**Q** 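Take a look at this one; I'll ask things after.
The figures that follow rest on heavy atoms only: side chains count, while hydrogens, waters and symmetry mates do not. Keep in mind it's a predicted model, so treat the numbers as computed, not measured.
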Amino acid sequence: MLDPSASVCNLTPMKFSPQTAWPFAVIPLVVLFDQVTKWLILAETRLNGLACLSDGRLCGRIEVPGPVDLSMVWNRGMSYGLFQADGLMRWVLAGVMAAIAIGFFLWLLRAEGRFLRLSLALVVGGAIGNLIDRVRFGAVVDFVDVNELTFGYFPWVFNVADAAITIGALLLFVDQFLLSRPKQANSLKQG
């Protein structure tokens with residue numbers, strides 16, 4: 001006979017308070033900032049964003065003083081151009097992105113600790129921002145060009161959503177592997 005109290009998965013809903021609800025404000029803020037910056041990029045005629053989506057023409061570039069430029073690139077893959085997909089695979093990729101966002105959101109509902117909640121909220125917000133582009137255009141608007149920082153060895157062009165996902169993933173790594181280990185070590189010593 002199954003014992004419901006022995007459940008492996010904690011499905012207890014999070015109790016919302018100002019201390020626990022703030023990550024759910026981070027998600028729409030990331031999405032909003034991401035979509036507004038992409039709208040501004042697509043509205044900039046020198047970058048030729050919408051025209052180069054359909055006919056494959058080279059998109060524009062605006063050189064800015066310093067190591068960062070604005071380069072309009074349609075990314076048909078995931079973050080930083082991984083797993084390029086067109087046609088039917090576009091929708092498969094969108095489904096995978098949606099499943100990942102849902103999985104991280106469900107994790108966020110049960111997450112404890114500010115650092116973990118922040119990291120998950122950044123990943124979810126970034127995933128939603130890029131998913132909106134994927135569904136709307138079949139590709140994601142990338143425009144932050146930091147190629148000069150890599151001395152031309154890596155054509156690194158990304159967007160706000162990619163940055164949120166990357167920062168969230170790094171914070172998640174720190175939380176899970178650096179901050180959690182001392183807690184685990186202390187609990188083993190006390191146990």
**Q** Taking D175 for its side chain and F115 for its backbone only, find out whether a donor-acceptor pair lies under 3.5 Å.
**A** no

**Q** Determine, step by step, whether L116 and Q176 satisfy the side chain to side chain contact (heavy atoms under 4.5 Å, CB included) criterion, reporting the C-alpha distance in whole Å, the side-chain angles of both residues, the deciding distance to 0.1 Å, and the verdict.
**A** CA-CA 8 Å; L116 178 58; Q176 296 297 297; 3.7 Å; yes

**Q** Sub-3.5 Å donor-acceptor pair from the side chain of D142 to the main-chain atoms of V73, do we have one?
**A** no

**Q** Carefully, step by step, assess L109 and F24 under the rule side chain to side chain contact (heavy atoms under 4.5 Å, CB included).
**A** CA-CA 9 Å; L109 290 174; F24 300 97; 3.8 Å; yes

**Q** Closer than 3.5 angstrom, by distance alone: can the side chain of W91 be matched with the main-chain N or O of G138 as a donor-acceptor pair?
**A**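 Between the backbone of G138 and the side chain of W91 there is no qualifying donor-acceptor contact (under 3.5 Å).
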
**Q** Identify the residue among N147, D145, V146, D162 that makes a side chain to side chain contact (heavy atoms under 4.5 Å, CB included) with W156.
**A** V146

**Q** Between E63 and D69, is there a donor-acceptor pair closer than 3.5 Å when you use the side chain of the first and the backbone of the second?
**A** no

**Q** Could you walk me through whether W107 and V123 satisfy the side chain to side chain contact (heavy atoms under 4.5 Å, CB included) test, starting with their C-alpha distance in whole Å, then the side-chain angles of each, then the deciding distance to 0.1 Å, before giving a yes or no?
**A** CA-CA 11 Å; W107 186 3; V123 171; over 6 Å; no

**Q** Could you tell me whether the side chain of R117 and the main chain of A111 form a donor-acceptor pair under 3.5 Å?
**A**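 Present.
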
**Q** Is there a continuous path of hydrophobic side-chain contacts, each under 4.5 Å between heavy atoms, that joins V144 to W39?
**A**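 No, because V144 and W39 fall into different hydrophobic clusters, even though each may have its own neighbours under 4.5 Å.
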
**Q** Are I27 and L108 side-chain neighbours, meaning at least one heavy-atom pair lies under 4.5 Å?
**A** yes

**Q** Is there a side-chain hydrogen bond (donor to acceptor under 3.5 Å, both in side chains) between D133 and N75? Walk through the geometry before answering.
**A** CA-CA 10 Å; D133 286 9; N75 178 355; over 6 Å; no

